[in-house]
Each structure stands twice: as structure tokens, then as C-alpha cells.
Amino acid sequence: LYYQDAIDKYFERP
Amino acid sequence: MFEARLIQGGLLKKLLESVKELVTDANFDCSESGIALQAMDNSHVALVSLLLRSEGFDPYRCDRGFSLGVNLNSLNKILKCAGNDDIITLRADDNSADSLSLSFENPNNDRIGEYELKLMDIDQEHLSIPETDYDATIIMPSAEFQRICRDLTVVSESVTIDVSKDTIKFTAEGELGSGNIKLKSTSSIDKPEESVNIELGQDVSLQFSLKYLMNFTKGTPLSEQVILCLSEKMPLLVEYKMDIGYIRYYLAPKIGD
């Protein structure tokens with residue numbers, strides 16, 4: 001089983 | 001005062017077509033250097049970042065930073081009223097930045113359409129995207145990438161992209177069977193836009209949703225080439241470069257449960 005990861009965890013919040 | 005006149009108005013029409021499926025509302029951040037937009041899709045799986053440099057407009061004027069909140073579907077509807085060869089001018093006032101004015105001049109300058117788009121307040125967080133040294137960078141014809149995504153959608157909802165020395169392989173496995181497409185790196189001196197260029201630091205294998213990749217390929221009319229950047233456990237970057245800027249799509253990889 002696979003699921004799609006969230007993009008915002010890869011980039012930094014200012 | 002913000003004013004930006006784009007001789008190649010058709011470019012703006014194509015740009016809107018390439019983001020409207022993914023993002024509903026977004027801020028156009030206007031500054032001296034140009035117009036930028038960054039937004040995630042509703043499910044926070046993909047991110048779009050686009051830039052139109054001020055040098056691409058004639059003239060371009062932006063006295064102070066503006067954030068124009070736009071419903072992209074509405075903007076797209078209005079842009080459909082512009083001809084493909086029209087010159088498009090965007091304007092917003094200091095005082096009443098509650099609407100964006102758009103004018104469409106035909107090449108003969110004897111038909112001018114004027115429209116107003118109501119703006120909205122959009123509270124959107126801006127993520128900072130670090131410069132990344134990717135394990136693999138592929139430059140290939142954008143139409144070929146679009147075809148691969150479309151063809152493999154027949155087989156599965158997801159695709160595995162494997163990059164090794166001189167080959168990029170797209171594999172899909174589904175209930176009806178499986179399919180794969182291998183592209184070898186090629187170079188065409190006569191037609192560099194038709195070549196496949198692979199720069200590889202180390203082998204990469206990543207799996208992505210084809211539904212999102214299909215959405216990204218809406219950017220195909222913007223550039224003859226697409227750039228794919230991959231690193232293990234990092235989002236895929238799909239970039240279409242234009243003379244006056246770029247559109248970049250980021251997609252988080254699928255990971256095992």
C-alpha cells in the first residue's frame with residue numbers, strides 16, 4: 001500500500 | 001500603481017490554463033522584479049510556483065509591493081475573452097486594489113476590450129523552497145513527457161521513475177497489466193529541443209501520482225522542453241521555462257505505508 005505524502009512538510013515555513 | 005503590459009498576451013492565457021486545474025485561489029505577488037505566484041493544491045500534495053520577470057513586460061511599473069488575490073477560474077474566464085495575439089495590460093490602483101483591470105488590444109490596435117476582475121483576500125502561507133542539488137536532472141521534449149504520462153495512465157494511477165546512467169524509465173503497474181517506457185539520452189545538434197539530456201549524480205527511483213503529473217503537463221504549450229529534477233525522498237520538480245520566467249510544479253513522492 002502506498003499513500004501520497006504532503007508537500008508542505010518538505011519546505012520551510014518562514 | 002501597478003501596470004504590466006504583455007506584448008505576447010497569449011502567454012498569460014496559456015499560463016492560466018496550466019495552473020487553474022491545480023489551484024483555485026491564489027495571490028499574484030507583484031514587486032519591482034516582476035509577478036510571482038506560489039500556491040499548494042487543495043490536498044497539499046503539489047505546489048505551483050511561477051514567475052514572470054518585469055523585463056518581459058513593456059512597460060512594467062510597480063511602485064510598491066502588491067498582493068492581488070485572484071480566483072483563477074474567474075481570471076481564466078476573462079482571459080478567454082482575449083485573442084491569442086492580443087496585447088494584455090494588467091492594472092491595479094493604490095487606492096482601490098479591490099479589483100484588477102485588464103485590457104486586451106488586438107495587433108491592429110483597432111479593437112480594445114476592457115474588463116475588471118474583483119479581487120479577494122486570500123490568506124496563503126508562503127513556503128520557502130531551498131536550492132537543491134538534485135540526484136538527477138532530465139531535460140526532454142515536453143510533448144514526449146505529456147505523452148508518457150497520458151499513455152501510462154491507461155495502466156495505473158501511479159508511475160515509477162527510474163533514472164540511471166543514460167536512461168530514464170517510466171513504469172506503471174495496474175490491474176490490467178503493466179507498461180514501461182525507456183528513453184535513452186540523445187543529442188541532436190540540429191534540433192536540441194528534441195534531445196533527451198540526463199545529468200546524473202546517483203541513480204534515483206521514485207514513485208508519483210499520474211493524476212498530478214497529468215495536471216502538470218498542462219504547462220506543455222509554454223515550452224518545447226520540460227526539466228525534471230529528482231532526488232531520493234524529495235519532491236519531484238517539473239519545470240517549464242519561458243523567455244520571461246518559469247512555471248515550476250513540485251510533487252511529493254509516494255511513500256510506502
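Order of the sequence lines sets the chain letters (A, B, ...), proteins ahead of strands, with each chain counted from 1.
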Check your understanding: Around atom CD of B:Glu232, are there more than 12 heavy atoms of other residues, nucleotides or ligands at under 6.0 Å?
Key -> yes
Review point. Run the side-chain contact (heavy atoms from CB on, under 4.5 Å) check on B:Val45 and A:Ile7 step by step: do they pass?
Key: CA-CA 5 Å; B:Val45 166; A:Ile7 191 78; 5.7 Å; no
Point to revise | Proximal to chain A - members of residues 123-151 of chain B, heavy-atom separation under 4.5 Å | key: B:Glu125, B:His126, B:Leu127, B:Ser128, B:Ile129, B:Pro130
Check your understanding: Is the ring centre of B:Tyr250 less than 6.0 Å from the ring centre of A:Phe11?
Key -> yes
